[in-house]
S.K.: 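To start, I am sharing the structure in question, which I have written as structure tokens.
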Amino acid sequence: MTESQLPSEQLDSEGRSWRDQAVTRSLDSARVRAEVRVQRFLDAATELFNTRPGKEFTVQEVVEKSGQSLHSFYQYFGGKHELLLALFEESVQNTAGHLRQRLATEDDALERLHCFVVEYYRICRPTKEDEARRNGRAPFMAEFAQQLLTSHPKEAARVFAPVVSLFEEVLGQAAAGGAVREGLGEGPIVGIVLEAIMFNTFSSTIGGLSAPPHAGDSGEYLWDLILHGIGTSSS
């Protein structure tokens, strides 16, 4: 007997049979349990990342910290790289949400662009005060980006989409307002600027120098460079 042949009282308002409803409910329950277990692995990895001097950990350590089994881990992740991608994905989504909140306080298109650049820089290179405000949950942006974009570029690029999309939006608004040149979002400039912001956080390492006391102002120096690189002649 097909669903269309079932008595009307066996169909819900969406046309699903009671059997379909029961299966859906079972799947929903299983999904909730899976989400809880996955989050426990992510929380365990986050804690290990934040407490390890070298920010290194093994799958076994994550399993033990989460209180779950190795078998369970491999039900959800193909290996450590997939766990890192999941952490990076969560970080990117949180970062995009945080940036949108900050941008909502700015009305001027150029100031929104300014806010994005400086705030994103601070997220990638947080001070101790920044990390304390985030309750020790580092956003992983700079730490994982270099590794993942090198070893798993396609997957990492897809995960990075929310931040890219937001920057394209902000850049487009600035262009519409005449603050920067038009057409910048149509080429590679979006990726280039985001990379400049993110990987500038490694500049002290590349230069072999410790971060200066005024490192928190480096975001403003970078903004000045970016603005005069893409701004109109009147900027």
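For clarity, every value in this text was computed on a predicted model and none was experimentally measured. Heavy atoms only: backbone and side chains are in, while hydrogens, waters and symmetry mates are out.
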S.K.: How far does OH of Tyr76 sit from NE2 of His71, to the nearest 0.5 angstrom?
M.R.: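 Tyr76 atom OH to His71 atom NE2 measures 9.0 Å (nearest 0.5 Å).
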
S.K.: Is the shortest heavy-atom distance from the side chain of Leu113 to the side chain of Trp223 under 4.5 Å?
M.R.: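 Result yes, sub-4.5 Å side-chain heavy-atom pair found.
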
S.K.: Quick one: does any side-chain atom of Ser165 pair with a main-chain N or O of Ala161 as donor and acceptor, under 3.5 Å?
M.R.: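 No, because the side chain of Ser165 does not come within donor-acceptor range (under 3.5 Å) of the backbone of Ala161.
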
S.K.: After noting the C-alpha distance and the side-chain angles of Glu61 and Lys80, does the key distance pass the salt bridge (charged side-chain N to carboxylate O under 4.0 Å, His left out) rule?
M.R.: CA-CA 11 Å; Glu61 288 172 327; Lys80 184 179 177 181; over 6 Å; no

S.K.: How close do Phe116 and Leu103 get, counting heavy atoms only, and between which atoms?
M.R.: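 Heavy-atom minimum between the residues: N-CD2, 3.9 Å.
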
S.K.: Val62 versus Phe77: any side-chain heavy-atom pair under 4.5 Å?
M.R.: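 Side chain of Val62 against side chain of Phe77, heavy atoms only: no contact under 4.5 Å found.
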
S.K.: Nearest 0.5 angstrom please: Leu99 CG to Ile123 CD1, how far?
M.R.: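 Here the interatomic distance stands at 4.0 Å.
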
S.K.: Working to the nearest 0.5 angstrom, can you tell me the gap between Leu83 CG and Phe57 CZ?
M.R.: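 So the CG of Leu83 and the CZ of Phe57 are separated by 5.5 Å.
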
S.K.: Output yes when Arg100 and Glu169 qualify as a salt bridge under the 4.0 Å nitrogen-oxygen rule, no when they do not.
M.R.: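 Salt bridge present between Arg100 and Glu169.
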
S.K.: Ignoring hydrogens and geometry beyond distance, is a side-chain donor-acceptor pair present between Arg112 and Gln173 at under 3.5 Å?
M.R.: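 Gln173 and Arg112 do have a side-chain donor-acceptor pair below 3.5 Å.
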
S.K.: Applying side-chain contact (heavy atoms from CB on, under 4.5 Å) between Tyr120 and each of Val193, Leu166, Val163, report the one that passes.
M.R.: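 Answer to the side-chain contact (heavy atoms from CB on, under 4.5 Å) test with Tyr120 among Val193, Leu166, Val163: Val163.
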
S.K.: What's the separation between atom CG in Leu48 and atom CG in Asp43, rounded to the nearest 0.5 Å?
M.R.: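 It is 11.0 Å, given to the nearest 0.5 Å.
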
S.K.: Do Leu194 and Val190 have side-chain heavy atoms sitting under 4.5 Å apart?
M.R.: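 Yes. Closest side-chain heavy atoms under 4.5 Å.
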
S.K.: Quick one: pull up CD1 in Ile226 and CD1 in Ile192 and give me the separation to the nearest 0.5 Å.
M.R.: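 Going from the CD1 atom of Ile226 to the CD1 atom of Ile192 covers 11.5 Å.
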
S.K.: Can you name the nearest heavy-atom pair linking Gly79 to Tyr74, along with the distance?
M.R.: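 Scanning both residues completely, I find the closest heavy atoms to be CA-CE2, 4.1 Å.
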
S.K.: Whether the His114 and Glu111 side chains hold a donor-acceptor pair (N or O, under 3.5 Å, no angle test) is what I'd like checked.
M.R.: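 A pair is found: one side chain offers a donor N or O, the other an acceptor, under 3.5 Å apart.
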
S.K.: Taking the side chain as every heavy atom from C-beta outward, state whether Leu227 and Leu110 have any atom pair closer than 4.5 Å.
M.R.: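 They are in side-chain contact.
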
S.K.: So does Arg37 get a backbone contact from the side chain of Gln68, meaning a donor-acceptor N/O pair under 3.5 Å?
M.R.: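 Yes.
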
S.K.: When you compare the side chain of His98 with that of Glu119, does any pair of heavy atoms fall below 4.5 Å?
M.R.: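 They are in side-chain contact.
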
S.K.: To the nearest 0.5 Å, how far apart are CD in Glu89 and CG in Leu84?
M.R.: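 Reported to 0.5 Å precision, the distance equals 13.0 Å.
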
S.K.: With a cut-off of 6.0 Å (strictly less than), are more than 12 heavy atoms of other residues, nucleotides or ligands near CD of Glu182?
M.R.: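 Check fails, neighbour count at 12 or below.
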
S.K.: For a quick test of reading the model, state the closest non-hydrogen atom pair linking Glu106 to Cys115 and the distance between them.
M.R.: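 It is CG-CB, 4.2 Å.
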
S.K.: Measure across Ala109 and Ala174 and return the closest heavy-atom pair with its distance rounded to 0.1 Å.
M.R.: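 Looks like CB-CA, 3.9 Å.
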
S.K.: Of all the heavy-atom pairs spanning Ser69 and Phe41, show the shortest one and how long it is.
M.R.: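 Answer, listing the atom of Ser69 first, then Phe41: O-CZ, 4.0 Å.
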
S.K.: Do Gln39 and Leu42 come close enough that some side-chain heavy atom pair is under 4.5 Å?
M.R.: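 Heavy-atom side-chain distance check passes, below 4.5 Å.
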
S.K.: When you compare the side chains of Asn94 and Glu90, does any donor N or O come within less than 3.5 Å of an acceptor on the partner?
M.R.: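 Side chains of Asn94 and Glu90: no pair found under 3.5 Å.
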
S.K.: Looking only at side chains, do Gln60 and Glu64 share a donor and an acceptor under 3.5 Å apart?
M.R.: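 There is such a pair (donor and acceptor under 3.5 Å, judged by atom type) between the side chains of Gln60 and Glu64.
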
S.K.: Minimum heavy-atom separation for Ala44 and Lys65, please, with both atom names.
M.R.: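 Residues Ala44 and Lys65, closest heavy atoms: CB-CG, 3.4 Å.
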
